[in-house]
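Reading through the structure tokens given below for one structure.
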Amino acid sequence: GIYLIDGFGGGGVVRLTRASGEADRPLGFSRDGSQIYFFRPVPRFPNPTDEPIGSLFAVNQDGSGLRRITPPDMPVSVTGTSGGRLSTDGRWIVFSSEGIIWMIQPDGSGLTKVFEDPEGGPAITPTWSPDGRFIMFALDPPGTFATLDVAPPSTLYVVRADGSEPMPILVSDAWTKAPDWVAA
């Protein structure tokens with residue numbers, strides 16, 4: 001599960017979620033701090049890789065009000081250590097589902113396709129630029145699945161947050177996964 005602790009005031013520990021099976025993975029807090037967004041593995045989703053597949057959820061700081069953010073029939077892939085990335089302004093969550101990059105507002109509205117490879121390569125592990133204008137992700141070759149034993153070469157791409165102007169920024173013979181950005 002996910003826990004909340006008051007690190008400064010010496011308050012108690014509050015358990016926010018109870019995961020069954022694999023652990024919930026936190027994404028971040030709402031802009032006002034009242035909710036926590038997280039990824040929860042969903043066992044019924046088919047999984048061709050060794051990474052969990054699940055859905056994005058939100059819960060209030062006191063553990064009440066659990067709700068699913070992504071549609072129940074939309075499998076969300078793990079992104080790095082979580083299932084999605086919250087934008088720096090807290091208005092969007094970017095994630096990958098079945099090799100397509102999507103974004104959704106934390107209240108579950110505004111589901112928008114950002115990128116789908118016309119050749120069918122799976123786009124994975126999206127992350128926001130520090131200013132929220134771009135999304136970086138890895139694109140694996142069509143017909144490949146990365147596992148612990150097999151990792152295909154992939155390319156890092158950058159696309160505008162509206163999905164326009166996809167541009168490769170790192171072409172490699174190695175498997176590139178879970179990119180991240182920091183402000184210079």
Following the transitive rule for hydrophobic clusters with a side-chain heavy-atom cut-off under 4.5 Å over Ile, Leu, Val, Met, Phe, Trp and Tyr, establish whether Phe29 and Ile93 coincide in one cluster.
-> no
Hey, does the side chain of Ser96 reach the backbone of Ala123 with a donor-acceptor pair shorter than 3.5 angstrom?
-> yes
Show your working on side-chain contact (heavy atoms from CB on, under 4.5 Å) between Ile100 and Lys113 and close with a plain yes or no.
-> CA-CA 7 Å; Ile100 300 169; Lys113 185 186 295 187; 3.6 Å; yes
With Thr112, which residues qualify under side chain to side chain contact (heavy atoms under 4.5 Å, CB included), at least two apart?
-> Trp92, Met103
Verify side-chain contact (heavy atoms from CB on, under 4.5 Å) between Leu86 and Tyr37, making sure each step is shown before the conclusion.
-> CA-CA 9 Å; Leu86 191 60; Tyr37 309 121; 3.9 Å; yes
Minimal non-hydrogen separation, Val94 against Ile101, with atom names | CG2-CG2, 3.7 Å
Set of side chain to side chain contact (heavy atoms under 4.5 Å, CB included) partners for Glu165, sequence neighbours left out | Arg160
Not counting sequence neighbours, which residues clear salt bridge (charged side-chain N to carboxylate O under 4.0 Å, His left out) with Arg91? List them please.
-> none
From the list Pro75, Ser55, Ser77, side chain to side chain contact (heavy atoms under 4.5 Å, CB included) partner of Ser97 resolves to Pro75
Separation of Leu56 CG from Arg40 CZ (nearest 0.5 Å) | 12.0 Å
Grab the two heavy atoms, one from Ala58 and one from Gln35, that are nearest each other, plus how far apart they are.
-> CB-OE1, 4.3 Å
Is Phe39 reachable from Ile36 through a run of hydrophobic residues whose side-chain heavy atoms are each under 4.5 Å from the next?
-> no
Which atom of Leu16 lies closest to which atom of Asn60, heavy atoms considered = CD2-O, 3.8 Å
Find the distance between OG1 (Thr155) and CG (Leu139) and round it off to the nearest 0.5 Å.
-> 6.5 Å
Only residue of Tyr3, Phe57, Phe95 satisfying ring-ring contact (aromatic ring centres under 6.0 Å, His included) with Phe38 is Phe57
Between atom CZ of Arg25 and atom OG1 of Thr17, what is the distance when rounded to the nearest 0.5 Å?
-> 12.5 Å
